[in-house]
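Before any comments, here is the structure.
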Amino acid sequence: MSASIALIDCNNFYVSCERVFNPRLEGRPVVVLSNNDGCVVARSNEVRALGVGMGVPWFQIRALAEQHNIVALSSNYALYADMSNRVMAILSTFSPGQEVYSIDECFLDLGGFEHFGLARYAQTMRHRIRRLLGLPVCVGIASSKTLAKLANHVAKKRAAFDSVCDFGAFEPGELDRLLGEIEVGEVWGVGRRLAPRLGAMGIRTVLDLKRASPARIRQRFSVVLERTVAELNGVPCLGLEEVAPAKQQIVSSRSFGMPVLGLAELQQAVQSYTVRAALKLRRQHALAGAIHVFIRTNPFKQNAPQYSQGITLPLAAPTSDSITLSHGALQGLKTIYRAGFAYTKAGVMLAELIPANRRVPTLFDDPAQLARSTGLMQVLDRINLAYGQGTIKLAGEGLEQHWRMKSGRKSPCYTTRLAEVAVAHAG
DNA sequence: TCTGGGGTCCTAGGACCC
DNA sequence: TCTGGGGTCCTAGGACCC
(Lines give C-alpha, C1' and ligand atoms only; values in the text may rest on other atoms or scores of the structure.)
Protein backbone atom coordinates (compact mmCIF):
# COMPACT_ATOMS: atom_id res chain seq x y z
CA MET A 1 0.00 0.00 0.00
CA SER A 2 1.29 3.48 -0.80
CA ALA A 3 1.88 6.12 1.86
CA SER A 4 -0.84 8.43 3.14
CA ILE A 5 0.46 11.85 4.09
CA ALA A 6 -1.73 14.73 5.15
CA LEU A 7 -0.84 18.41 4.99
CA ILE A 8 -2.90 20.54 7.34
CA ASP A 9 -2.67 24.27 6.70
CA CYS A 10 -4.45 27.08 8.55
CA ASN A 11 -6.37 29.45 6.30
CA ASN A 12 -5.04 33.04 6.29
CA PHE A 13 -3.41 32.14 9.60
CA TYR A 14 -2.43 35.54 11.02
CA VAL A 15 -5.73 37.11 10.00
CA SER A 16 -7.67 34.19 11.45
CA CYS A 17 -5.80 34.51 14.77
CA GLU A 18 -6.72 38.18 14.95
CA ARG A 19 -10.37 37.37 14.22
CA VAL A 20 -10.58 34.84 17.03
CA PHE A 21 -10.02 37.64 19.54
CA ASN A 22 -11.74 40.39 17.62
CA PRO A 23 -14.88 38.97 16.02
CA ARG A 24 -15.75 42.36 14.57
CA LEU A 25 -13.09 41.61 11.95
CA GLU A 26 -15.17 38.70 10.67
CA GLY A 27 -16.43 39.33 7.14
CA ARG A 28 -14.34 42.48 6.81
CA PRO A 29 -11.25 42.86 4.59
CA VAL A 30 -8.22 42.45 6.87
CA VAL A 31 -4.46 42.41 6.27
CA VAL A 32 -1.59 41.73 8.65
CA LEU A 33 1.59 43.66 7.93
CA SER A 34 5.21 42.54 8.20
CA ASN A 35 7.64 43.95 10.74
CA ASN A 36 7.92 47.70 10.47
CA ASP A 37 4.42 47.71 8.93
CA GLY A 38 6.17 47.30 5.58
CA CYS A 39 4.46 44.62 3.51
CA VAL A 40 1.27 42.59 3.46
CA VAL A 41 2.05 39.14 4.88
CA ALA A 42 -1.48 37.81 5.43
CA ARG A 43 -4.74 38.59 3.66
CA SER A 44 -8.32 37.70 4.37
CA ASN A 45 -10.33 36.29 1.47
CA GLU A 46 -12.04 39.66 1.06
CA VAL A 47 -8.65 41.28 0.49
CA ARG A 48 -7.53 38.57 -1.94
CA ALA A 49 -10.72 39.20 -3.90
CA LEU A 50 -9.62 42.84 -4.27
CA GLY A 51 -6.49 41.61 -6.04
CA VAL A 52 -3.99 42.44 -3.30
CA GLY A 53 -0.96 40.18 -3.71
CA MET A 54 1.17 38.58 -1.03
CA GLY A 55 4.17 40.70 -0.04
CA VAL A 56 2.84 43.90 -1.57
CA PRO A 57 4.21 47.05 0.10
CA TRP A 58 1.55 48.56 2.31
CA PHE A 59 2.03 52.13 1.08
CA GLN A 60 1.20 51.01 -2.46
CA ILE A 61 -2.30 49.90 -1.53
CA ARG A 62 -3.12 52.68 0.95
CA ALA A 63 -5.65 54.29 -1.37
CA LEU A 64 -7.31 50.97 -2.14
CA ALA A 65 -7.37 50.19 1.57
CA GLU A 66 -9.11 53.44 2.33
CA GLN A 67 -11.61 52.93 -0.44
CA HIS A 68 -12.60 49.46 0.80
CA ASN A 69 -12.15 50.00 4.51
CA ILE A 70 -9.38 47.44 4.80
CA VAL A 71 -8.29 46.88 8.39
CA ALA A 72 -4.48 46.71 8.65
CA LEU A 73 -2.78 45.23 11.71
CA SER A 74 0.88 45.02 12.71
CA SER A 75 2.03 41.46 13.15
CA ASN A 76 1.71 40.05 16.66
CA TYR A 77 4.10 37.10 16.61
CA ALA A 78 3.68 36.24 20.28
CA LEU A 79 -0.02 35.64 19.63
CA TYR A 80 0.50 33.65 16.41
CA ALA A 81 3.22 31.46 17.94
CA ASP A 82 1.00 30.62 20.90
CA MET A 83 -2.00 29.80 18.69
CA SER A 84 0.29 27.72 16.47
CA ASN A 85 1.42 25.63 19.46
CA ARG A 86 -2.21 24.92 20.30
CA VAL A 87 -3.04 23.87 16.72
CA MET A 88 -0.03 21.56 16.58
CA ALA A 89 -0.86 20.00 19.94
CA ILE A 90 -4.39 19.15 18.79
CA LEU A 91 -3.17 17.72 15.49
CA SER A 92 -0.55 15.60 17.22
CA THR A 93 -3.37 13.57 18.76
CA PHE A 94 -4.43 12.36 15.31
CA SER A 95 -1.21 10.54 14.44
CA PRO A 96 2.06 9.55 16.10
CA GLY A 97 3.95 10.86 13.07
CA GLN A 98 3.92 14.66 12.87
CA GLU A 99 6.25 17.13 11.22
CA VAL A 100 5.63 20.75 12.15
CA TYR A 101 6.63 22.38 8.89
CA SER A 102 5.94 26.03 9.60
CA ILE A 103 3.99 28.25 11.95
CA ASP A 104 0.72 27.36 10.23
CA GLU A 105 1.28 23.96 8.62
CA CYS A 106 2.12 20.42 9.56
CA PHE A 107 2.37 17.04 7.90
CA LEU A 108 0.81 13.98 9.51
CA ASP A 109 1.58 10.39 8.61
CA LEU A 110 -1.85 8.82 8.19
CA GLY A 111 -0.49 5.38 7.28
CA GLY A 112 -2.59 2.83 9.18
CA PHE A 113 -5.58 5.14 9.58
CA GLU A 114 -7.12 4.28 6.22
CA HIS A 115 -9.87 2.20 7.82
CA PHE A 116 -11.36 5.37 9.34
CA GLY A 117 -11.83 6.78 5.85
CA LEU A 118 -9.14 9.45 5.47
CA ALA A 119 -11.40 12.26 4.29
CA ARG A 120 -13.73 11.67 7.20
CA TYR A 121 -10.81 11.52 9.62
CA ALA A 122 -9.55 14.84 8.25
CA GLN A 123 -12.98 16.41 8.70
CA THR A 124 -12.79 15.43 12.37
CA MET A 125 -9.47 17.28 12.70
CA ARG A 126 -10.94 20.31 11.01
CA HIS A 127 -14.00 20.46 13.20
CA ARG A 128 -12.03 19.96 16.37
CA ILE A 129 -9.66 22.84 15.61
CA ARG A 130 -12.57 25.03 14.68
CA ARG A 131 -14.44 24.19 17.86
CA LEU A 132 -11.53 24.42 20.31
CA LEU A 133 -9.63 27.35 18.79
CA GLY A 134 -11.96 29.02 16.32
CA LEU A 135 -9.45 28.63 13.47
CA PRO A 136 -10.28 27.40 9.94
CA VAL A 137 -7.95 24.82 8.35
CA CYS A 138 -7.78 22.82 5.11
CA VAL A 139 -6.42 19.30 4.69
CA GLY A 140 -4.75 17.71 1.67
CA ILE A 141 -3.99 13.98 1.57
CA ALA A 142 -1.82 12.08 -0.91
CA SER A 143 1.01 9.58 -1.25
CA SER A 144 3.87 12.13 -1.17
CA LYS A 145 4.47 15.46 0.52
CA THR A 146 4.52 17.37 -2.76
CA LEU A 147 1.17 15.85 -3.78
CA ALA A 148 -0.28 16.48 -0.32
CA LYS A 149 0.62 20.16 -0.72
CA LEU A 150 -1.22 20.21 -4.03
CA ALA A 151 -4.20 18.39 -2.55
CA ASN A 152 -4.30 21.06 0.13
CA HIS A 153 -4.27 23.73 -2.57
CA VAL A 154 -7.26 22.05 -4.21
CA ALA A 155 -9.08 21.77 -0.86
CA LYS A 156 -8.64 25.53 -0.41
CA LYS A 157 -9.56 26.63 -3.91
CA ARG A 158 -12.45 24.35 -4.80
CA ALA A 159 -15.48 24.69 -2.60
CA ALA A 160 -16.88 21.32 -3.73
CA PHE A 161 -14.24 19.57 -1.60
CA ASP A 162 -15.43 21.14 1.64
CA SER A 163 -11.87 21.94 2.78
CA VAL A 164 -10.59 18.35 2.56
CA CYS A 165 -9.10 16.74 -0.55
CA ASP A 166 -7.78 13.18 -0.67
CA PHE A 167 -5.96 12.40 -3.92
CA GLY A 168 -5.93 8.76 -2.88
CA ALA A 169 -9.68 8.61 -3.47
CA PHE A 170 -9.32 9.69 -7.13
CA GLU A 171 -9.31 7.46 -10.19
CA PRO A 172 -5.90 7.87 -11.92
CA GLY A 173 -7.37 9.54 -15.01
CA GLU A 174 -9.44 11.84 -12.85
CA LEU A 175 -6.40 13.02 -10.90
CA ASP A 176 -4.41 13.72 -14.07
CA ARG A 177 -7.28 15.74 -15.46
CA LEU A 178 -7.26 17.86 -12.33
CA LEU A 179 -3.46 18.26 -12.37
CA GLY A 180 -3.77 19.40 -15.98
CA GLU A 181 -5.84 22.35 -14.80
CA ILE A 182 -3.31 23.61 -12.22
CA GLU A 183 -0.44 25.89 -13.18
CA VAL A 184 3.05 24.50 -12.65
CA GLY A 185 3.92 27.46 -10.41
CA GLU A 186 1.64 26.02 -7.72
CA VAL A 187 3.98 23.07 -7.21
CA TRP A 188 6.01 23.09 -3.98
CA GLY A 189 9.57 23.85 -5.12
CA VAL A 190 8.65 25.72 -8.30
CA GLY A 191 8.98 29.43 -7.62
CA ARG A 192 8.76 32.57 -9.68
CA ARG A 193 12.08 31.94 -11.46
CA LEU A 194 11.61 28.32 -12.38
CA ALA A 195 8.00 28.60 -13.58
CA PRO A 196 8.84 30.77 -16.63
CA ARG A 197 11.86 28.62 -17.49
CA LEU A 198 9.68 25.52 -17.38
CA GLY A 199 7.01 27.31 -19.41
CA ALA A 200 9.57 28.02 -22.11
CA MET A 201 10.09 24.25 -22.38
CA GLY A 202 6.36 23.71 -22.80
CA ILE A 203 5.86 22.64 -19.18
CA ARG A 204 2.95 24.79 -18.05
CA THR A 205 0.73 22.62 -15.86
CA VAL A 206 1.38 20.27 -12.97
CA LEU A 207 0.54 17.38 -15.28
CA ASP A 208 3.20 18.54 -17.77
CA LEU A 209 5.83 18.49 -15.01
CA LYS A 210 4.63 15.12 -13.72
CA ARG A 211 5.13 13.67 -17.21
CA ALA A 212 8.47 15.38 -17.90
CA SER A 213 11.61 13.28 -18.28
CA PRO A 214 13.39 13.19 -14.90
CA ALA A 215 16.80 12.97 -16.59
CA ARG A 216 16.10 16.04 -18.69
CA ILE A 217 14.85 17.95 -15.67
CA ARG A 218 17.97 17.04 -13.72
CA GLN A 219 20.22 18.07 -16.56
CA ARG A 220 18.48 21.41 -17.18
CA PHE A 221 17.73 22.22 -13.54
CA SER A 222 18.86 20.22 -10.52
CA VAL A 223 18.40 17.09 -8.48
CA VAL A 224 15.93 19.02 -6.36
CA LEU A 225 13.45 19.47 -9.20
CA GLU A 226 14.08 15.91 -10.34
CA ARG A 227 12.90 14.75 -6.92
CA THR A 228 9.81 16.93 -7.32
CA VAL A 229 8.95 15.09 -10.54
CA ALA A 230 9.23 11.76 -8.72
CA GLU A 231 7.05 13.06 -5.88
CA LEU A 232 4.40 14.19 -8.38
CA ASN A 233 4.36 10.61 -9.66
CA GLY A 234 3.58 9.37 -6.18
CA VAL A 235 7.13 8.22 -5.40
CA PRO A 236 7.94 9.76 -2.00
CA CYS A 237 11.46 11.23 -1.87
CA LEU A 238 10.95 13.49 1.12
CA GLY A 239 10.53 11.78 4.46
CA LEU A 240 8.65 13.04 7.47
CA GLU A 241 11.05 14.97 9.70
CA GLU A 242 9.50 14.42 13.07
CA VAL A 243 12.42 15.86 15.02
CA ALA A 244 13.44 19.30 13.86
CA PRO A 245 17.12 19.15 12.89
CA ALA A 246 19.42 21.44 14.84
CA LYS A 247 19.82 24.83 13.18
CA GLN A 248 23.00 25.53 11.26
CA GLN A 249 22.73 29.27 11.63
CA ILE A 250 20.79 31.80 13.65
CA VAL A 251 19.92 35.17 12.19
CA SER A 252 18.64 38.29 13.85
CA SER A 253 18.06 41.28 11.64
CA ARG A 254 15.64 44.16 11.39
CA SER A 255 14.86 47.11 9.22
CA PHE A 256 14.95 50.37 11.14
CA GLY A 257 11.94 52.52 11.81
CA MET A 258 13.88 55.42 10.28
CA PRO A 259 17.19 55.76 8.38
CA VAL A 260 20.26 55.66 10.62
CA LEU A 261 23.42 57.57 9.76
CA GLY A 262 25.74 57.40 12.74
CA LEU A 263 27.95 54.60 13.95
CA ALA A 264 26.71 54.97 17.53
CA GLU A 265 23.12 54.03 16.69
CA LEU A 266 24.21 51.19 14.42
CA GLN A 267 26.25 49.88 17.34
CA GLN A 268 23.16 49.88 19.55
CA ALA A 269 21.14 48.04 16.94
CA VAL A 270 23.84 45.48 16.18
CA GLN A 271 24.37 44.83 19.86
CA SER A 272 20.62 44.35 20.43
CA TYR A 273 20.40 41.91 17.54
CA THR A 274 23.43 40.02 18.84
CA VAL A 275 21.80 39.67 22.27
CA ARG A 276 18.62 38.34 20.64
CA ALA A 277 20.55 35.86 18.50
CA ALA A 278 22.64 34.73 21.48
CA LEU A 279 19.48 34.03 23.46
CA LYS A 280 18.12 31.85 20.64
CA LEU A 281 21.50 30.12 20.55
CA ARG A 282 21.43 29.29 24.28
CA ARG A 283 17.82 28.10 24.03
CA GLN A 284 18.89 25.41 21.62
CA HIS A 285 21.96 24.61 23.70
CA ALA A 286 24.43 25.50 21.00
CA LEU A 287 27.62 27.51 20.58
CA ALA A 288 28.66 29.65 17.62
CA GLY A 289 32.11 29.43 16.06
CA ALA A 290 31.72 32.53 13.90
CA ILE A 291 29.67 35.69 13.69
CA HIS A 292 28.60 37.60 10.61
CA VAL A 293 27.49 41.25 10.69
CA PHE A 294 25.92 43.16 7.83
CA ILE A 295 24.51 46.62 7.19
CA ARG A 296 22.83 48.12 4.19
CA THR A 297 21.16 51.20 2.81
CA ASN A 298 17.70 51.16 1.22
CA PRO A 299 18.04 49.23 -2.07
CA PHE A 300 14.68 50.58 -3.27
CA LYS A 301 15.84 54.15 -3.12
CA GLN A 302 17.75 54.15 -6.37
CA ASN A 303 18.79 57.80 -6.45
CA ALA A 304 20.40 57.61 -3.00
CA PRO A 305 24.00 56.44 -2.51
CA GLN A 306 24.01 52.68 -1.94
CA TYR A 307 26.20 50.63 0.35
CA SER A 308 25.81 47.03 1.46
CA GLN A 309 28.54 45.17 3.27
CA GLY A 310 29.00 42.23 5.56
CA ILE A 311 31.87 40.55 7.32
CA THR A 312 32.35 37.18 8.99
CA LEU A 313 34.63 36.94 12.01
CA PRO A 314 35.80 33.64 13.46
CA LEU A 315 35.60 33.50 17.25
CA ALA A 316 38.59 32.44 19.34
CA ALA A 317 36.49 29.57 20.71
CA PRO A 318 32.84 28.56 20.16
CA THR A 319 30.66 30.49 22.59
CA SER A 320 27.11 31.53 23.43
CA ASP A 321 28.13 34.41 25.68
CA SER A 322 26.26 37.60 24.75
CA ILE A 323 29.15 39.80 25.77
CA THR A 324 31.81 37.92 23.82
CA LEU A 325 29.55 37.74 20.78
CA SER A 326 28.78 41.46 21.04
CA HIS A 327 32.49 42.29 21.08
CA GLY A 328 32.91 40.33 17.86
CA ALA A 329 29.88 41.91 16.23
CA LEU A 330 30.94 45.45 17.13
CA GLN A 331 34.45 44.84 15.90
CA GLY A 332 33.01 43.64 12.59
CA LEU A 333 30.69 46.62 12.39
CA LYS A 334 33.57 49.05 12.85
CA THR A 335 35.38 47.40 9.95
CA ILE A 336 32.52 47.66 7.49
CA TYR A 337 30.97 50.98 8.57
CA ARG A 338 31.29 53.88 6.15
CA ALA A 339 30.08 57.34 7.09
CA GLY A 340 27.79 59.27 4.80
CA PHE A 341 25.16 56.64 4.11
CA ALA A 342 21.58 56.37 5.31
CA TYR A 343 21.35 52.83 6.64
CA THR A 344 17.95 51.12 6.79
CA LYS A 345 18.84 47.64 7.96
CA ALA A 346 21.42 45.72 9.94
CA GLY A 347 21.73 42.14 11.03
CA VAL A 348 23.77 39.52 12.78
CA MET A 349 24.20 35.87 11.87
CA LEU A 350 25.67 33.24 14.17
CA ALA A 351 27.32 30.44 12.22
CA GLU A 352 29.39 27.28 12.63
CA LEU A 353 27.04 26.15 15.37
CA ILE A 354 27.88 23.12 17.50
CA PRO A 355 26.00 21.51 20.39
CA ALA A 356 27.16 23.03 23.68
CA ASN A 357 28.11 19.61 25.05
CA ARG A 358 30.52 19.02 22.19
CA ARG A 359 32.75 21.94 22.99
CA VAL A 360 36.43 21.02 22.70
CA PRO A 361 38.65 22.70 25.31
CA THR A 362 41.43 24.90 23.96
CA LEU A 363 44.81 25.91 25.29
CA PHE A 364 43.54 29.39 26.03
CA ASP A 365 40.55 28.35 28.10
CA ASP A 366 40.18 30.02 31.45
CA PRO A 367 37.91 27.66 33.41
CA ALA A 368 37.02 30.27 36.00
CA GLN A 369 36.08 32.79 33.31
CA LEU A 370 34.00 30.13 31.48
CA ALA A 371 32.08 29.32 34.64
CA ARG A 372 31.45 33.02 35.32
CA SER A 373 30.16 33.53 31.79
CA THR A 374 27.82 30.54 31.92
CA GLY A 375 26.49 31.60 35.30
CA LEU A 376 25.97 35.20 34.23
CA MET A 377 24.07 34.19 31.10
CA GLN A 378 21.85 31.83 33.11
CA VAL A 379 20.94 34.58 35.54
CA LEU A 380 20.33 37.05 32.73
CA ASP A 381 18.08 34.61 30.84
CA ARG A 382 16.15 33.71 33.99
CA ILE A 383 15.45 37.33 34.89
CA ASN A 384 14.44 38.25 31.35
CA LEU A 385 12.18 35.22 31.14
CA ALA A 386 10.47 36.09 34.40
CA TYR A 387 10.17 39.85 33.95
CA GLY A 388 10.10 40.19 30.16
CA GLN A 389 12.79 40.41 27.48
CA GLY A 390 14.88 43.55 27.84
CA THR A 391 14.53 43.81 31.62
CA ILE A 392 18.29 43.43 31.81
CA LYS A 393 20.22 44.71 28.83
CA LEU A 394 23.84 45.23 27.92
CA ALA A 395 24.73 48.91 28.30
CA GLY A 396 25.54 49.23 24.61
CA GLU A 397 22.02 48.34 23.49
CA GLY A 398 20.91 51.86 24.35
CA LEU A 399 17.87 53.07 26.22
CA GLU A 400 16.29 55.36 23.66
CA GLN A 401 16.55 53.16 20.57
CA HIS A 402 15.19 55.67 18.05
CA TRP A 403 15.96 53.19 15.29
CA ARG A 404 13.46 50.61 16.56
CA MET A 405 10.93 49.37 14.07
CA LYS A 406 7.44 50.73 13.72
CA SER A 407 4.58 48.57 14.79
CA GLY A 408 1.72 50.92 15.46
CA ARG A 409 -1.25 48.70 14.71
CA LYS A 410 -0.57 45.76 16.97
CA SER A 411 -3.31 43.81 18.71
CA PRO A 412 -2.87 42.84 22.37
CA CYS A 413 -1.02 39.65 23.37
CA TYR A 414 -4.32 38.01 24.29
CA THR A 415 -2.91 34.64 25.23
CA THR A 416 0.59 35.31 26.50
CA ARG A 417 0.34 38.40 28.71
CA LEU A 418 -1.95 38.35 31.67
CA ALA A 419 -2.51 42.11 31.50
CA GLU A 420 -3.75 41.79 27.94
CA VAL A 421 -6.20 38.88 28.10
CA ALA A 422 -9.59 39.55 26.57
CA VAL A 423 -12.30 40.52 29.02
CA ALA A 424 -15.89 39.40 28.52
CA HIS A 425 -18.49 41.79 29.87
CA ALA A 426 -21.86 40.42 30.92
CA GLY A 427 -25.10 42.32 30.48
C1' DT B 1 7.61 59.62 3.13
C1' DC B 2 6.52 54.43 3.18
C1' DT B 3 9.23 47.91 0.33
C1' DG B 4 9.89 41.69 6.34
C1' DG B 5 12.55 38.15 8.60
C1' DG B 6 14.49 33.63 9.03
C1' DG B 7 15.76 29.61 7.14
C1' DT B 8 17.43 25.47 3.69
C1' DC B 9 19.79 23.18 -0.18
C1' DC B 10 22.45 22.95 -4.48
C1' DT B 11 25.82 24.38 -7.91
C1' DA B 12 29.56 26.65 -10.14
C1' DG B 13 33.94 28.11 -9.89
C1' DG B 14 38.29 29.24 -7.71
C1' DA B 15 42.13 27.77 -4.71
C1' DC B 16 45.01 24.37 -3.67
C1' DC B 17 47.29 19.92 -3.76
C1' DC B 18 49.68 16.02 -5.82
C1' DT C 1 56.93 27.02 -29.48
C1' DC C 2 55.69 24.12 -26.02
C1' DT C 3 52.59 24.78 -20.44
C1' DG C 4 48.26 18.12 -17.41
C1' DG C 5 44.67 16.17 -15.09
C1' DG C 6 42.05 15.08 -11.37
C1' DG C 7 40.50 15.41 -6.72
C1' DT C 8 38.89 18.10 -2.63
C1' DC C 9 37.54 21.95 -0.10
C1' DC C 10 35.48 26.36 0.40
C1' DT C 11 32.62 30.26 -0.79
C1' DA C 12 29.37 33.09 -3.17
C1' DG C 13 25.28 33.21 -5.24
C1' DG C 14 20.93 31.51 -6.77
C1' DA C 15 16.88 29.09 -6.08
C1' DC C 16 13.30 27.77 -3.00
C1' DC C 17 10.15 27.79 1.33
C1' DC C 18 6.81 30.17 4.80
Side-chain angles (χ1 to χ4, degrees), chain A residues 7 9-10 12-14 31-43 52-63 65 72 74-77 80-81 84 99-107 145-146 149 152-153 184-198 217-228 237-238 241 244-259 273 276-277 280-281 284 290 292 294 296-304 308-312 314 342 344-353 405-409:
Chain A
L7 176 73
D9 187 316
C10 301
N12 318 329
F13 182 57
Y14 297 170
V31 295
V32 173
L33 302 175
S34 63
N35 278 324
N36 236 358
D37 294 343
C39 300
V40 171
V41 292
R43 305 158 292 159
V52 175
M54 182 70 167
V56 169
W58 168 234
F59 74 89
Q60 282 178 8
I61 58 158
R62 275 258 169 94
S74 303
S75 30
N76 183 346
Y77 288 106
Y80 312 146
S84 171
E99 174 186 338
V100 176
Y101 177 67
S102 75
I103 193 162
D104 72 332
E105 297 172 53
C106 81
F107 291 100
K145 284 174 143 183
T146 304
K149 283 280 241 183
N152 189 284
H153 170 79
V184 73
E186 298 294 341
V187 174
W188 192 35
V190 177
R192 63 185 215 285
R193 305 273 176 176
L194 289 184
R197 283 176 62 197
L198 287 165
I217 291 293
R218 178 177 196 145
Q219 177 215 332
R220 296 265 202 115
F221 300 92
S222 69
V223 293
V224 183
L225 199 60
E226 185 192 25
R227 278 198 288 259
T228 300
C237 303
L238 308 169
E241 292 187 6
K247 295 224 190 308
Q248 300 178 37
Q249 57 184 43
I250 290 173
V251 177
S252 173
S253 73
R254 286 278 181 280
S255 297
F256 305 133
M258 57 178 66
Y273 302 160
R276 266 174 50 93
K280 289 193 215 173
L281 187 67
Q284 71 167 53
H292 179 87
F294 67 89
R296 69 158 167 73
T297 52
N298 184 352
F300 298 102
K301 213 167 174 178
Q302 302 203 339
N303 47 2
S308 172
Q309 191 57 267
I311 188 171
T312 303
T344 54
K345 183 174 182 173
V348 164
M349 182 172 95
L350 304 179
E352 291 172 31
L353 306 193
M405 63 182 187
K406 287 179 287 194
S407 168
R409 307 157 172 273

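Naming convention: chains lettered A, B, ... in sequence-line order (proteins, then strands); numbering from 1 in each chain.
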Stem list for DNA chain C, please, built from Watson-Crick and G-U wobble pairs under 3.5 Å and keeping only runs of at least 3. B:5-18 with C:5-18

Is it true that a side-chain atom of A:S252 and a backbone atom of A:A277 form a donor plus acceptor pair closer than 3.5 Å? no

Under a 4.0 Å heavy-atom criterion, the protein footprint on nucleotides 1-11 of chain B, written with B, S and -, is -BBSSSSBSSS

Would you call the rings of A:H292 and A:F294 parallel, tilted or perpendicular if under 30° counts as parallel and over 60° as perpendicular? tilted

Answer yes or no: is there a donor N or O on one side and an acceptor on the other, between the side chain of A:S253 and the main chain of A:A346, under 3.5 Å? no

Between A:S75 and A:Y77, is there a donor-acceptor pair closer than 3.5 Å when you use the side chain of the first and the backbone of the second? no

Do A:T344 and A:S255 have side chains that approach each other closer than 4.5 Å (heavy atoms only, starting at C-beta)? no

What string of B, S and - do you get for nucleotides 12-18 of chain C, 5' to 3', if B is base contact, S is sugar-phosphate-only contact and - is no contact with any protein heavy atom under 4.0 Å? ---SSSS

Keeping the roles fixed (side chain from A:T146, backbone from A:T228), state whether a donor-acceptor pair exists under 3.5 Å. no

For A:R218, look at atom CZ and say whether over 12 heavy atoms of other residues, nucleotides or ligands are found less than 6.0 Å away. no

Would you call the rings of A:Y101 and A:W188 parallel, tilted or perpendicular, where under 30° means parallel and over 60° means perpendicular? perpendicular

Would you check if the side chain of A:K280 reaches a backbone N or O of A:V251 as a donor-acceptor pair within less than 3.5 Å? yes

Donor-acceptor check, side chain of A:D104 to backbone of A:S84, threshold 3.5 angstrom: yes or no? no

Suppose you measure atom C1' in B:dG4 against the same atom in C:dC17; what distance do you get, rounded to whole Å? 15 Å

